[in-house]
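Before any comments, here is the structure.
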2 protein chains.
Amino acid sequence: MEIKELGEFGLIEHFTKGIKKKNSSTVVSLTDDAAVLSYENKHTLVTTQMFMEGIQFDLTYIDMEHLAYKCAMATMSNIFAMGGNPRQMLCAIAIGKRFVVEDLESFYSGLRRACDKWHVDIVGGDTSSSYTGLAITLTCLGEVSKAGVLTRKGAHPTDLICVSGDLGAAYMGLQILEREKTVYYQQVQEYNSKLKASKGSNDKQALQALAKGKELIDHFQPDFAGKEYLIDRQLKPEARGDVIESLYAAGIHPTSMIDISDGLASELKHICKQSGCGCRVYEDKIPIDYQTAATCEEFNMNLTTAALNGGEDYELLFTCPIGDHEKLEHLEGVRQIGYITDASLGAFLITRDGNEFELKAQGWSEDKG
Amino acid sequence: MEIKELGEFGLIEHFTKGIKKKNSSTVVSLTDDAAVLSYENKHTLVTTQMFMEGIQFDLTYIDMEHLAYKCAMATMSNIFAMGGNPRQMLCAIAIGKRFVVEDLESFYSGLRRACDKWHVDIVGGDTSSSYTGLAITLTCLGEVSKAGVLTRKGAHPTDLICVSGDLGAAYMGLQILEREKTVYYQQVQEYNSKLKASKGSNDKQALQALAKGKELIDHFQPDFAGKEYLIDRQLKPEARGDVIESLYAAGIHPTSMIDISDGLASELKHICKQSGCGCRVYEDKIPIDYQTAATCEEFNMNLTTAALNGGEDYELLFTCPIGDHEKLEHLEGVRQIGYITDASLGAFLITRDGNEFELKAQGWSEDKG
């Protein structure tokens, strides 16, 4: 169905009917100029993130449902990284004429699935046309107890540096998706030149080769064998609310926290800068999945670079008082990778062979995945 | 300066340094994954709006500073329309390579000017590249006393329908801007064809005409004489927080409220639908500025249509108990334009000659200003 047929108000009705609110803090949603929320005795958290077609995502890799899920997880991840619980989501989306209502259905289905997972209410948004690509902005609100706010600036020298999950997998997933895209377009190109060459020809062999080329394209199957985990990490990341829950259950109070969206190095530099500290991180302690390591080798890439600068992991990076060492040891899926130092000592990676390399945050680059 | 030189984090620092927070409800801003807000004993309001180049704005009419100011006013208008006070703003912006740091300076300058006007803190945001046009999403948070929330659904039969300011001016301002754009491009086109025709020619007269054409383009002055108010309403709208203040001061408690962004007819239909009511609006009571009327005549357009469906007025439309009639009479800049009826009586405009026409909400259209 064409989006025009529904119109903006029709669209909103279409996608919001049957949605029931999950949080008592949601007072008025979806039907007015603004949503009304009630955060009694708690602090309100709010974060906004933008996702532009061709920059943050490529629709040749990801479908609308996964895209929405991923955007929502990336945005909620910011609320968890403050020690809070996400409660409400607003979605602004601008879409071009090439999209139909079914695309939006898929999008909202992914958005709802992500929000349902963490009991988040969709309370508002905006819809616009776009002359060009798809543009998405998600805004997430959450709540946090006044004592529970985890900023980037509470780290102290001797604090342990911890990270959840493993790093670099989403980045390697992207490498594989890009490789398969290249393979596909090569096949298309080959087919096109064969087609051009065979015009008017009756050569049986040439026509057979052509038919085979056509079949290859039509039934193109990207080769993800043995890389399923990496593809999953790239296309369906999960915000680590579970880590917040298990830290809380274990009685661990981090001194600072950030989520890893731009790569470990960049995020660590943020914590160091805001906390006025330095750090030492051990290369051999950075958690890396087997598939990430194997794929790095296959692509002839540096594994530590992938883990340090890869991005899109959406794991949590945090610091804890050294006294929490033992409690942290027992925490599944959390690794201690180094410690906070005085600012004068700088921010360094200690390599497997004992050398020290200064940590460099990757800048903002337009072709980053 | 190229935006790349500063990088994303440099950009954020550049535009946020020296900003002081204005609200006690702003606890942490700009430096973390999410902003932390504290709304003790009040309800939180949140609204998000998207502005896409070529759809909601055209950079041939509006510069970056006015654009940001307008977007901010449009977004804050939603908070006022809930009876609240805007307190915090988040700005997500995606920009293409053709923009330089100075463009962003202008943008943030306009954003700050709008926020300063209503004592709003800029607490966060996001920056992305864009392969195509400029995309902006603003999210505004505000506070409102629990008893003071004004939704769209409190209108009752016999309530008076009121509107602030005057209507249709922003729409007529857009017509003038579009006319002048056409005039400009006609001059460019004429010059280009003359240039083509004169290639290799030494005819003095032709070359003189060419030089004159060039001068016309270089010193193009759009003709806004006598239309300054309309241009102002289109390029520099103001959110009507002052109306909220004067209603409060006069002890008037509206039963419903909405801001007029899509046109009076559309917004009235929203109130009627949400409140389960009908309405009667008197054509001769709709407030219209002299310039709006004169320009409608000049353009051979229907004045009432411009006022009913024009959009972008950002005035407030609200309903009040009939008992407030006298208080409203004394309120400067507010007009009573009709009354709420039972739903079964429908939503109608009563024309100057006493005829009734059903109010039609304008749908979502891609070429709307």
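- Options A:Asn41, A:Thr47, A:Thr44 differ in how many heavy-atom pairs under 4.5 Å they form with chain B, and the most are formed by A:Thr44.
- Atom OG of residue A:Ser129 and atom CD1 of residue B:Ile55 lie 4.5 Å apart, to the nearest 0.5 angstrom.
- Looking at B:Val149, the atoms closer than 4.5 Å to chain A (heavy atoms on both sides) all sit in the side chain, from C-beta outward.
- Your options are A:Asp259, A:Ile79, A:Leu150, and the one with the most heavy-atom pairs under 4.5 Å with chain B is A:Asp259.
- Among the candidates A:Met257, A:Met82, A:Glu53, A:Met52, the residue making the largest number of heavy-atom pairs closer than 4.5 Å to chain B is A:Met82.
- For chain B, the nearby part of A:Lys273 is the side chain; its heavy atoms alone come within less than 4.5 Å.
- Residues passing the side chain to side chain contact (heavy atoms under 4.5 Å, CB included) test with B:Asn85 are B:Phe80, B:Arg87, sequence neighbours excluded.
- For B:Glu238, the side-chain hydrogen bond (donor to acceptor under 3.5 Å, both in side chains) criterion is met by B:Tyr69, B:Lys117, B:Lys236, not counting sequence neighbours.
- If you measure heavy-atom distances from B:Gln49 to chain A, the contacts under 4.5 Å come from both the backbone and the side chain.
- Shown here are the side chain to side chain contact (heavy atoms under 4.5 Å, CB included) partners of B:Ile260, two or more places apart in sequence or in another chain: B:Val163, B:Leu167, B:Leu264, B:Glu267, B:Asp313, B:Glu315, B:Leu317.
- In this structure, A:Thr48 and B:Asp126 approach most closely via the heavy-atom pair O-CB, 3.7 Å.
- Using a 4.5 Å cut-off on side-chain heavy atoms (C-beta onward), A:Met50 and B:Thr137 make contact.
- Neither the backbone nor the side chain of A:Ile271 comes within contact range of chain B; no heavy atoms are under 4.5 Å apart.
- The interface of residues 138-147 of chain B with chain A, defined by heavy-atom distances below 4.5 Å, comprises B:Thr139, B:Leu141, B:Lys146.
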